[in-house]
Amino acid sequence: MAKVTITINNRTITCQEGETIVDVARENGIFIPTICYLGGCSPTLACKMCMGESGDGKRVYTCNTKAKDGLVINTETEQIRKERQMIMQTYDVNHPLECGVCDKSGECELQNLTLYTKVAHQDYALADDEKHEKSWAQALYDPNLCIVCERCVTTCKDNIGEAKLKAGKADLHSPDSYKDSMLKDPYSVWSKKQKSLIEFVSDTPCVDCGECISVCPVGALTYKDFSYTANAWELRKTNSTCHYCSMGCHITYETRHHNTLGEKKTYRVSNDFHFAPICGAGRFGFSVLSAGVESNGAGLDSSETTPYFKHLGKATAMRLGSSITNEEAMIVSIFSAHFGIKLYNESARAYQKFLPYLRLNNTLQDLKDSSTIIALGAPVRLQAPLLQYAINNTIRTKKGIKFYYLHPIADTLLASFSRSVTHIPYKPKADELALGALLISVQSKLEEAIAQSPQAKELGAMLSTLLSGILASEQPPAKLESSADLDSSVDSSPAQSAMPTYLALQEAGIELSALSELASVDLSQMSVIVGEEAMLCALQENSAMVAGLQILEKCGARVYVIPAGSNTAGIARICGELLELDSSSLDSSLESQSRDEFVIGVRAQGDVLWDCAWSDGARMLAGEPEVVLPSHQQMLGSMTNFENRLLPFAKVQAYQGDDLASILYAYNKARLEMVHYEKELERFTPSTQDNTSALLDYFSTYTTLSDYTKALPQSKGYAPKELASLANHYTQGGDDKRGYMLAPLLSGALAPAHTIAQAKPISFNAFISYPQNLFGIQNVLDSNMQQKDGFYTSKAHLEKLGLTEGECITLHRPSAQGSITGAVYIDYAMSEDMWLISPHIAREWGENIASSYTYVESTKATKE
């Protein structure tokens, strides 16, 4: 957009044309009061507090007035101040302001604006009405405190995409007697408020997100489990980062002592709702911590009592969970180099394939500037909720946005965002063919861009190689025998009838005609999102995935690679060439022994487990860890999110025990005091020690995880910055000041080009994935979470099988030994007769199907 110059309250400001005036004001430190407006969402004009006067004296509302060159706005005239004060008086009628028991007291926007507008007395009165509490999901709604600002309605529609709330009609006392004595805008606000209350209007239940609670400016919407447990002003707010998925959302832990010993408890998690909505896992998944065992200096008394020393001496490999922090990845890379241990993480290994060829630093704001969004192999509702919110927000708040969802499984929630959402299904294992269909659809635009490129010859040859297999499979039209056949063969859409038919795409179940409108797309306005399923194609020999995406990026499109794990991008960078591929399952210790391997699972499955010992000890779903590590709430560290931004974690809960930093420190201490520990070290000191002694010497004084933040490899884009020096907030204008952005690792070369493989896709009726808002064992154990672990299916499928929610069933696979058992629930965004199965439950089947985003054939259900 073009830059324009406007004037707000006598200040001359340069901004983007089309921005709302209230957003421009916030970006430039000008305060315009609002109650109903949410940044980045559609305005409701419910409060009218943001009123102003244009240069010609006309009344405007800055939440829906767009910046244009020469515009003059004044929001601080005497008349406007008078009307704002009158609006606040009407909000305060029958609404207590000295409210010691209200959960919002101390952070109430109504209190704040009452003081700001200098309301010192009340000129109005109105009989109160009986109003009854309601609830949905984790939210408790008290209509007696509601000012009907409609923020909850707005965020549910424009951010989350659920649209399950609305301001419904209410038969309340009306302020008619004040119509002639009140000014127009204050009277309209009061009158509207007295005719409405918030209603839950969906036929399907609400699923954890709590964003409606977060945006409520008063105490009308509260978190059930927080009510009457603490006062807002008593809570210590600590900014941190959510660790459940690769979005790396900004969250704020709110803690306070909860007993006479002064022990801290997390009472709730909040967020900066104007710029960063969060999902249910981030908001409610905070109550389960790691129950560490108090350390005695990393237990150096004897190698018999230090399992980590025994494990390191015996291990041939470490399997890394994608939730390990950057600092933990750094430490395991040191262990790997010193002990000659292989490192396994298939997701990070696949992500590495993209690092030399794609920028991988596009942001959510870049996504919102797109006119066409394409998701390939990315179940965004399950894998990356913030991405779902950003896509929905873009569609809802901008005109003409197209969203193409290329995935084997339909998602009715995504489809509900707009009529411009198109689902293009394909069979599993055909992700590269789906990418090929996309390349064919924009082929003419690619060729135009390639012709202007300095690498035109190379890029042209690459595109030709990629598509050669698909283009060679075009199916000639059937011979027509009569004019009747001719009439029946003509499609009503000329664009679709001109589309060729390719056997390879047909076998994959891909309808090329559904992508026909992309032929005229502006590539510079197109964003392509690649999820975990499509990303893992890069591990296949002669994969074409990287080259296909590189062509799109070089021709102007924005490309996003979204791994499922929270810190896959960090592991890929930090562990580098130490990562190796192990595609075999580690679920069975017998298999590991048959391969002559001993694998340490670091926050992942292995022959021995180094992980959290969850304080909810009744259910050790992940297995009892031999070495206990802290949870993310209990340590300082960082992660690298999908934007390749380093983001800091804060320590908000105590932990008594070892972590990887203390284990490495203990080993270093023993190594340097060889005289005292020579006999004990004999069993685990590697033959390669001399080759890595200098590396170990360098880190010999590092005692905490946060020490390693400044030592993250600069050659991989990290900066030598102390963790404590990193900012972690958004500005008033929404600029992201969290951590720092990493530079791309582009090599300048073109990716190897291979013909897109003509895959042999499978049929399936089960998909291995945690349900919406659950991302792992910690969520499963957390009693705060509304979603439960088990088998999920569509409502129609459940009814067809004669099952009821919560009933226990067993799923069988004819090709596998054994069965799995669990409770069955409805996923209301599913429409097919299929199952969503949690990875840790699927692990009981054995074989290599325990990872997320795996498809399973021929699964049958029986009642227990």
Side-chain angles (χ1 to χ4, degrees), residues 358 362 366-378 380 387 391 394-395 398-408 410-411 414-415 417-426 430-453 459-460 462-464 466-471 473-474 491-502 504-506 508-531 534 544-545 547-561 756:
L358 298 175
N362 294 306
D366 296 331
L367 181 74
K368 292 182 179 183
D369 291 336
S370 306
S371 61
T372 302
I373 303 172
I374 299 163
L376 170 62
V380 291
L387 196 60
I391 293 169
T394 305
I395 293 172
K398 297 184 179 181
K399 294 181 180 179
I401 304 299
K402 300 285 187 182
F403 175 44
Y404 295 87
Y405 182 57
L406 282 67
H407 195 269
D411 192 307
L414 300 183
F417 292 170
S418 167
R419 286 179 293 180
S420 65
V421 175
T422 302
H423 174 226
I424 301 173
Y426 57 88
D431 303 272
E432 289 194 354
L433 285 169
L435 175 62
L438 171 59
L439 294 173
I440 290 170
S441 300
V442 297
Q443 187 173 358
S444 61
K445 291 290 184 179
L446 292 175
E447 289 170 346
E448 289 176 14
I450 287 171
Q452 304 300 317
S453 170
L459 288 173
M462 179 188 287
L463 181 61
S464 177
L466 286 169
L467 298 180
S468 58
I470 298 176
L471 297 176
S473 72
E474 182 176 353
D491 193 288
S492 59
S493 167
Q496 291 187 358
S497 62
M499 281 284 178
T501 300
Y502 299 107
L505 300 184
Q506 194 173 56
I510 299 171
E511 293 289 341
L512 192 60
S513 59
L515 292 165
S516 60
E517 292 186 10
L518 289 177
S520 58
V521 73
D522 180 353
L523 291 177
S524 68
Q525 292 294 307
M526 185 170 81
S527 289
V528 180
I529 300 163
V530 176
M545 182 60 67
L549 294 174
Q550 188 183 36
I551 283 184
L552 287 168
E553 184 168 271
K554 282 190 169 291
C555 291
R558 302 183 186 96
V559 175
Y560 296 77
V561 178
I756 290 177

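What you see below is based on every heavy atom in this structure, not just the backbone, and it leaves out hydrogens, waters and symmetry mates.
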* Donor-acceptor under 3.5 Å (S420 side chain, I401 main chain) ->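 Here the side-chain-to-backbone pair exists.
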* Got more than 12 heavy atoms from elsewhere within 6.0 Å of CD, Q525? ->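 For Q525, atom CD is crowded (more than 12 foreign heavy atoms under 6.0 Å).
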* **Atom CD of E553: over 12 foreign heavy atoms under 6.0 Å** =>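 More than 12 heavy atoms, drawn from other residues, nucleotides or ligands, come within 6.0 Å of this atom.
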From [X] atom [atom1] to [Y] atom [atom2], the distance as rounded to the nearest 0.5 Å:
| X | Y | atom1 | atom2 | value |
| --- | --- | --- | --- | --- |
| C555 | Q550 | SG | CD | 10.0 Å |
| L459 | S464 | CG | OG | 12.5 Å |
| Y560 | D366 | OH | CG | 4.5 Å |
| I391 | F403 | CD1 | CZ | 4.0 Å |
| I529 | L376 | CD1 | CG | 10.0 Å |
| I510 | L515 | CD1 | CG | 8.5 Å |

Can you give me the closest heavy-atom contact between [X] and [Y], atom names plus distance?
| X | Y | result |
| --- | --- | --- |
| I395 | S418 | CG2-CB, 3.3 Å |
| A514 | Y404 | O-CE2, 3.6 Å |
| A430 | A508 | CB-CB, 3.7 Å |
| V380 | L387 | CG1-CD2, 3.6 Å |
| Y502 | I470 | CD2-O, 3.2 Å |
| N362 | V559 | ND2-O, 3.0 Å |

Can you check whether [X] reaches [Y] side chain to side chain, under 4.5 Å on heavy atoms?
| X | Y | answer |
| --- | --- | --- |
| L523 | K554 | no |
| L414 | H423 | no |
| S370 | R558 | yes |

* To do: Fit a plane to each ring of Y405 and H407, take the angle between them on a 0 to 90° scale, and name the class: parallel (under 30°), tilted (30 to 60°) or perpendicular (over 60°).
  =>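 Answer is parallel, since the angle falls under 30°.
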Less than 3.5 Å apart, which donor and acceptor atoms pair up between the side chains of residues 431-447 and the rest of the protein, not counting sequence neighbours?
{"from": "D431", "atom 1": "OD1", "to": "Y426", "atom 2": "OH", "distance (Å)": "2.7"}
{"from": "E432", "atom 1": "OE1", "to": "A544", "atom 2": "N", "distance (Å)": "3.4"}
{"from": "E432", "atom 1": "OE2", "to": "S543", "atom 2": "OG", "distance (Å)": "2.5"}
{"from": "E432", "atom 1": "OE2", "to": "A544", "atom 2": "N", "distance (Å)": "3.0"}
{"from": "E432", "atom 1": "OE2", "to": "M545", "atom 2": "N", "distance (Å)": "3.3"}
{"from": "S441", "atom 1": "OG", "to": "A437", "atom 2": "O", "distance (Å)": "2.8"}
{"from": "Q443", "atom 1": "NE2", "to": "E447", "atom 2": "OE2", "distance (Å)": "3.2"}

* Verdict with supporting geometry, M526 and L552, side-chain contact (heavy atoms from CB on, under 4.5 Å) -> CA-CA 9 Å; M526 185 170 81; L552 287 168; 3.9 Å; yes
